[in-house]
Each structure stands twice: as structure tokens, then as C-alpha cells.
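Here the structure is a predicted model, which means the values were calculated and not measured. In this chain, numbering begins with 1 at the start of the sequence shown.
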Amino acid sequence: MSKQCCTTDNFVKPQKNEAHQHQCDTTKKDHDHGNNHSHGHDHDHSHDLEDKTAFQLFLPAITSLSLLLIAIGFDNYFPQTWFTGWIRLAWYIVAYIPVGLPVIKEAIESIRYKDFFSEFFLMTIATVGAFAIGEYPEAVAVMLFYAVGEVFQTLAVSRAKGNIKSLLDQRPDEVTILKENKAEVIKAENAQIGDIIQLKPGEKLGLDGELISESASFNTAALTGESKPDTKSKGETVLAGMINGSTISLVRVTTAYSDSKLSKILELVQDATAQKAPTELFIRKFAKIYTPIIVLLSIGITLLPALFVDTYVFSEWLYRALVFLVISCPCALVISIPLGYFGGIGAASHNGILFKGSNFLDILANIQNVVIDKTGTMTEGVFKVQEVILKPEFNKDEILKMVNALESQSTHPVATAIHDYVGEIDNTINLVDTEEIAGHGLKSTVNGKELLVGNFKLLDKFNISYDANTTDIVYTVIAISYDRKFAGYLTISDSIKADAKMAIDKLHSMNVRVTMLSGDKSAVVTHVAKQLGIDNAYGDLLPEDKVNKVKEIKTNNGSVAFVGDGVNDAPVIALSDAGIAMGGLGSDAAIETADVVIQDDMPSKIAMAINIGKQTKKIVWQNIILAFSIKAIVLVLGAGGLATMWEAVFADVGVALIAILNAVRIQKMKF
């Protein structure tokens with residue numbers, strides 16, 4: 001089944017690394033360790049099939065079916081004196097060729113690459129053998145149903161690919177740029193950083209950039225799965241794939257075409273098939289052992305009865321062996337399992353969740369603990385200064401200007417809040433030896449005096465004494481020290497995301513324990529955790545403390561998914577069983593570091609990702625049990641002579657079709 005097995009593995013058309021992408025997950029060719037010739041052959045074949053309409057795909061089967069029905073009519077209902085001997089044989093061979101020839105070619109191709117036990121080879125032996133013993137109608141019928149099954153599988157795979165492949169269409173080939181106030185259409189990949197793109201209403205943005213119009217509304221469905229308009233103001237970042245609203249907008253290009261967020265997302269999706277779930281890997285290994293055993297058993301069924309059966313008839317036992325061969329084709333497993341996983345990846349992509357491999361669907365399906373960061377994950381990450389408490393001996397304006405200048409060296413949301421509160425940065429302030437101390441804050445020298453801005457642990461680290469009691473304040477507190485003296489503090493608040501409570505409730509309904517870890521002060525973390533119903537919450541943590549907590553949870557409570565921003569929490573993500581990044585739209589590092597990326601920052605998507613994993617795993621196991629149980633029953637009947645080729649066709653193609661329809665279900669599910 002080159003057309004299916006290959007298209008399922010090459011879910012998105014390769015772009016950058018052809019050799020890496022052309023990996024075919026099938027019993028026919030297991031060349032992941034390097035047969036580039038077969039890769040090229042398979043991919044070209046599958047790509048040709050994808051370009052055909054449904055009618056074109058079914059045409060060979062329609063031709064064969066028409067000729068077969070006429071032949072059966074001549075055999076049984078409208079006898080013709082001329083329809084005998086070589087004419088009858090020739091007619092059935094002509095009926096066989098449209099559906100049989102492609103399979104025979106694939107069998108020969110497989111043998112060329114030393115894969116002697118492909119399902120193509122099995123089907124060829126079974127049908128040619130049926131011709132040899134005079135069972136012409138059954139020979140044609142078996143290959144016809146097999147071909148019809150192949151076409152249905154091709155259509156099912158194409159449908160499964162749709163949600164992911166549609167991402168490729170979100171990146172326009174051309175953009176309109178303004179040069180000396182004249183509009184010029186150029187290829188998007190030729191646009192330079194600094195070019196001004198003119199974006200008409202309803203047009204997709206081709207590159208990441210900065211909005212230079214006063215404001216504009218964008219549809220972000222291509223990136224987040226949410227079609228709700230997102231209004232951007234002048235100076236804000238807009239991303240490739242966003243669709244402009246109702247007014248002409250101008251965007252200054254800030255990122256090269258190949259480095260845009262959408263390009264990175266596409267690379268992520270293209271590589272998703274490289275990491276296989278354990279179930280897929282098991283089926284691949286199983287099929288390599290299973291198929292040769294079936295061939296040997298078929299030979300045994302044909303020849304061994306001659307030693308024990310008095311009325312041995314070679315053609316009768318050969319027929320049983322051929323039935324056995326048809327039943328044994330691992331078609332249902334080889335196709336439906338990868339299709340199930342890719343259906344899961346496709347359903348997730350449609351909802352703005354990107355999985356880096358089908359193995360992470362399995363991991364999330366079994367996850368027992370979700371450990372979450374607070375800022376930017378469960379809260380908006382948009383801070384506002386609430387209070388400024390400074391000691392009377394310090395000049396408030398001077399201190400705030402220095403703090404604002406120092407915080408401008410940081411990208412933390414707190415820095416933005418301080419900048420919004422204080423205003424423009426005073427460029428006359430000279431900062432010397434500025435450094436960021438992880439988990440503590442910032443240190444610099446201003447006018448020859450030490451300036452510290454961060455949490456109270458920063459003051460403890462530098463032995464600065466302070467008399468403030470901030471334990472009960474349920475806001476984030478930023479301590480300030482100047483000239484080795486405690487100057488005071490700022491309180492900053494952050495609002496909880498609208499769907500955060502629903503996210504925790506959904507996780508609890510799946511029996512998943514939720515723990516919140518944060519570098520923020522314990523009072524704030526406890527306050528947020530209480531509002532959301534989180535099981536355990538720990539504040540005042542340094543990065544290494546988070547690592548130790550996750551280790552402790554893994555040891556005592558089982559598997560852990562960590563949800564954070566994918567940048568500062570890299571050590572914890574590496575340690576966890578699955579790292580989930582919130583904010584895929586805003587962070588390149590999130591896309592690179594995490595195993596799963598939630599593109600629209602919605603906490604409720606955490607539970608959705610786990611649910612998609614659970615549903616995918618359930619469908620995959622339903623297909624495995626269905627295929628094995630029906631095949632086992634019909635194999636026994638076939639070996640005992642109680643099953644004909646028609647039962648064999650059902651056990652192979654019929655079961656495969658049922659399994660495929662079951663696998664495609666996941667794409668229609670509401671999560």
C-alpha cells in the first residue's frame with residue numbers, strides 16, 4: 001500500500017530536508033535507515049495519487065468491476081458458447097489487469113529492495129494462485145476489493161492530512177510592498193527586513209512584522225484555531241498567516257520569510273511524523289516478523305496435509321493456503337494505526353495545538369500530573385503597578401526613573417508594567433555592570449552606587465536589611481535597594497485568564513492532579529491556586545527548586561506534563577515526560593523547546609490536548625483489537641477449509657475499511 005503507507009508518514013509535503021522526510025512507515029518498505037531510491041519512488045507515487053480526483057482513483061476498479069460482472073453473467077446467467085477456454089481466461093485477465101497490475105508492480109519493486117514479504121507480494125501470490133487453479137472470478141474479485149479498499153484508504157488519508165496540510169496554504173506566495181509610494185507585487189520569499197507591506201482587507205500576511213498603521217483587526221484562525229478578531233495597535237507584532245480585517249493596513253517586515261513563526265510551525269508539523277508512538281513502532285516490528293511466518297504457514301497448509309490426509313487434493317489445499325494468505329495481509333494494522341495518530345495530530349492542529357510527534361499523544365493520554373507555571377500560563381502575564389511604597393528619605397521620581405531604566409534591560413512582563421507606569425526611559429541615567437540574576441532580579445550600578453530591583457531574596461543575597469512585612473500582600477512585590485539601603489517596594493497585579501478555572505476543572509474530571517510552581521511570592525501563588533482550585537501550589541521558587549519539585553512529583557505521583565513558557569523553564573521541560581509551551585505565537589524558543597505547543601495561550605487547551613491523546617489511543621487500540629480478533633477467527637476458518645476467498649476479502653479489506661472509518665472519527669470529534 002505505498003500510496004497509503006507513504007502518505008501517512010509524509011504528512012506534509014517535504015520542503016527542507018527531503019531525505020529526512022521521505023520515511024515510509026509500512027511493512028512493504030522499512031527503509032528508515034537509508035534507502036533513498038525507494039523513498040523517492042514511494043513519494044512520487046503517493047503524490048501522483050493525491051493529484052487525482054475520486055473518479056480517477058476509482059476508474060480502474062470500475063473498469064474491472066464492469067468486466068467481472070459481465071463475465072459472471074456469461075458464466076452463470078447468460079451462457080455463451082464462445083465464452084470458454086482461452087477466451088474466458090483472457091477476459092478475466094483483462095478484468096484483472098486494471099486493479100492487479102499496479103499491485104504486481106509494487107510487489108516487484110518491493111523485491112528489488114529486498115522486502116520479499118510485502119502485502120503486495122502476498123496479494124499477487126494469492127490471486128495468481130487462484131488463476132492457476134481455475135478460480136478466475138475469485139482471483140479478480142479479491143484484487144478488485146483490495147483496490148477499492150486502497151482507494152478508500154487514499155481518500156481517508158487525504159482527509160486526515162487536510163487539517164495539517166491546510167497550514168501550508170496560510171503562507172501567501174506573493175506580497176505587495178510599497179517602494180517610493182508605489183505598490184509592487186513580489187514573491188514573499190524575496191521581501192527584505194524593513195520593507196513595507198500593504199495589506200488589503202481579507203488578505204493574508206506573508207511575513208512577520210510590526211504594524212505601522214494606527215490599528216487593524218486580524219483573523220488569527222490559521223495560527224490559533226480561533227476565528228475571533230484580534231485588534232492590534234501601532235507598533236505591535238503581527239504574524240504571517242493572519243488575515244487582515246476591513247481596512248488597508250501597513251506592516252514593516254521584521255523577520256525573514258524562512259524565519260517567520262508560521263514557517264517554524266510548518267517545520268514542526270512536517271517533523272511530527274518522525275517521532276513515532278510505541279504502538280506504531282511495535283506494529284512495524286511485528287509486521288516484519290508476522291508476514292514471513294504467514295507465508296511459511298501457507299506453504300505448510302498446502303504441502304503438509306499430503307503426509308496425513310488420505311484424500312489429499314493439491315488444488316483444494318492450495319486454495320485454503322491462498323485464502324489464508326489473503327486474510328493475513330496486515331493492511332488494517334499498517335494503515336489504521338498511523339492514520340489514527342495522524343488524525344489525532346490533525347485534530348489538535350485544527351484546534352491550535354501542535355504535537356511534535358505521535359509519541360506525545362500517547363504520553364499525554366497516560367499523564368497523571370500537570371505542573372503549571374503561573375505567570376503567562378494561568379494568568380494573563382499583563383501586569384499593572386498597584387502601589388508604590390518608598391521610604392521618605394528617597395526621592396520617588398529619581399528612584400522610579402532608575403528602576404525604569406534598569407527594568408528596560410529585561411523582557412519580563414514586570415518590566416513592561418513598570419515602564420507603563422513610569423513612562424519614557426530617562427536616557428541620561430548611566431547603568432554600569434548590569435546583570436540579571438536568575439530567579440532573583442536585576443543588579444546594576446548608577447552614579448557609582450549599587451541598584452537592586454527584584455524579589456526580597458535578591459536583597460537577602462546581597463545582605464540588604466529591610467523592615468517591610470509583605471507576607472500578606474496578594475500582589476507581586478518588587479523590592480528596591482539603592483546605595484546598599486532598602487528603598488521600598490512596588491506592588492504589581494496580574495489577572496487570571498478567563499478559562500483558567502475551567503481548565504483546572506477539566507483536568508480534575510480526568511483524574512489529573514494539578515500543581516502550580518512559581519518564582520512569585522507564596523502569598524500570591526496560594527491566592528491564585530485557591531481561586532482556581534489547584535491541588536498544590538509552591539511559591540518563592542528558584543529555577544533549581546522547580547526542577548527538584550518536578551523530580552519529587554515524578555518519584556511520588558507518576559508521570560508529569562509541565563506547562564510553561566518554554567524559555568525560562570527549559571530545565572523543567574527537559575525533565576518532564578511532556579513539555580507544553582503556552583504562547584507559541586510569541587516565542588520561538590517555545591516552539592523549539594516544548595513537545596506540545598498551545599498557540600493561543602488558552603489554559604483550557606491543556607485538558608483538550610490530553611483528551612485528544614486519550615481519544616487517539618482509544619481508537620488505535622479499538623482498531624488493533626478489531627483487526628487481530630477478526631483475522632484470528634477467519635484464519636482458523638480458512639486453514640480448516642471453512643472460509644472462502646469472500647470471507648478472506650472481508651477479513652482483509654473489510655476490516656481495514658472499518659478500522660479506517662473508525663480512525664477518521666477523531667477528526668469529527670468535539671473536544
> Between Ser249 and Ala216, what is the shortest heavy-atom contact and its length?
Replying inline: OG-CB, 3.3 Å

>> Within the structure provided, determine whether Ile610 and Lys506 are in side-chain contact (heavy-atom separation under 4.5 Å).
In response: no

> Does any non-hydrogen side-chain atom of His419 lie less than 4.5 Å from one of Ile425?
Replying inline: yes

> Do Ser213 side-chain atoms and Ser215 backbone N/O form a donor-acceptor pair below 3.5 Å?
Replying inline: no

> Is there a donor-acceptor pair under 3.5 Å between the side chain of Asp362 and the backbone N or O of Ser358?
Replying inline: no

> With a 4.5 Å limit on heavy-atom distance, are the side chains of Ile598 and Ile606 in contact?
Replying inline: yes

> So, do Val253 and Ile177 sit near enough that their side-chain heavy atoms are less than 4.5 Å apart?
Replying inline: no

> For Lys234 and Leu211, what are the C-alpha separation, side-chain angles and deciding distance, and is it a side chain to side chain contact (heavy atoms under 4.5 Å, CB included)?
Replying inline: CA-CA 5 Å; Lys234 185 175 181 177; Leu211 185 66; 5.6 Å; no

> Does Asp208 use its side chain to pair, donor to acceptor, with the backbone of Thr255 at less than 3.5 Å?
Replying inline: no

>> Test side chain to side chain contact (heavy atoms under 4.5 Å, CB included) on Ile372 and Met582; report intermediate values, then the result.
In response: CA-CA 10 Å; Ile372 53 177; Met582 301 291 283; over 6 Å; no

> How would you list all residue pairs meeting side-chain hydrogen bond (donor to acceptor under 3.5 Å, both in side chains) that involve residues 424-436, not counting sequence neighbours?
Replying inline: Asp426-Thr428, Thr434-Ser444

> For Tyr421, which residues count as a ring pair (Phe, Tyr, Trp, His ring centres under 6.0 Å) partner, sequence neighbours excluded?
Replying inline: none

> Does any non-hydrogen side-chain atom of Leu442 lie less than 4.5 Å from one of Glu407?
Replying inline: yes

> Do the charged groups of Lys546 and Asp373 touch, with an N to O distance under 4.0 Å?
Replying inline: yes

> With no hydrogens and no angle check, do the side chains of Asp577 and Ser559 hold a donor and an acceptor under 3.5 Å apart?
Replying inline: no

> NZ/Lys670 to CG/Asn611 distance, rounded to the nearest 0.5 angstrom?
Replying inline: 14.0 Å

>> Do Met608 and Met602 make a side-chain contact, defined as non-hydrogen atoms from C-beta onward lying under 4.5 Å apart?
In response: no

>> Contact between Met378 and Ile496 at the side-chain level, heavy atoms closer than 4.5 Å - yes or no?
In response: no

> Between Lys497 and Thr377, is there a donor-acceptor pair closer than 3.5 Å when you use the side chain of the first and the backbone of the second?
Replying inline: yes

> Which atoms form the tightest heavy-atom contact between Leu364 and Ala609, and what is the distance?
Replying inline: CD1-CB, 3.9 Å

>> Quick one: does any side-chain atom of Lys614 pair with a main-chain N or O of Ala365 as donor and acceptor, under 3.5 Å?
In response: yes

> Which heavy-atom pair separates Ala191 from Val175 by the least distance, and what is that distance?
Replying inline: CB-CG2, 4.4 Å

> Leu199 and Val238: side chain to side chain contact (heavy atoms under 4.5 Å, CB included), yes or no, with the steps?
Replying inline: CA-CA 12 Å; Leu199 207 58; Val238 285; over 6 Å; no

> Can you name the nearest heavy-atom pair linking Phe218 to Lys232, along with the distance?
Replying inline: CD1-CG, 3.9 Å

>> Quick check: closest heavy atoms across Thr616 and Gly344, and the distance to 0.1 Å?
In response: OG1-CA, 3.5 Å

>> To the nearest 0.5 Å, what is the distance between NZ on Lys617 and CD1 on Ile666?
In response: 13.5 Å

> Between CG of Asn190 and CD of Glu174, what distance do you get to the nearest 0.5 Å?
Replying inline: 10.5 Å

> Are the side chain of Asn404 and the backbone of Gly423 linked by a donor-acceptor contact shorter than 3.5 Å?
Replying inline: yes

> Hey, what do you get for CD1 (Ile193) to OG1 (Thr254), rounding to the nearest 0.5 Å?
Replying inline: 7.5 Å

>> With heavy-atom distances below 4.5 Å as the criterion, would you say the side chains of Leu250 and Gln198 are in contact?
In response: yes

>> Is it the case that the side chain of Thr379 and the backbone of Lys374 share a donor-acceptor pair, with hydrogens and angles ignored and the cut-off at 3.5 Å?
In response: yes

>> If I take atom CG from residue Leu207 and atom CZ from residue Arg252, how far apart are they, to the nearest 0.5 angstrom?
In response: 14.5 Å

>> Could you measure the distance from the CG atom of Leu361 to the CD1 atom of Ile345? Nearest 0.5 Å is fine.
In response: 5.5 Å

> Considering all heavy atoms of both residues, which atom of Pro603 and which atom of Asp499 are nearest to each other, and what is their separation?
Replying inline: CD-OD1, 2.9 Å

>> For a side chain to side chain contact (heavy atoms under 4.5 Å, CB included) check, start with the C-alpha distance between Ile478 and Ile492, then their side-chain angles and the critical distance, and finish with the verdict.
In response: CA-CA 8 Å; Ile478 306 298; Ile492 294 178; 3.7 Å; yes

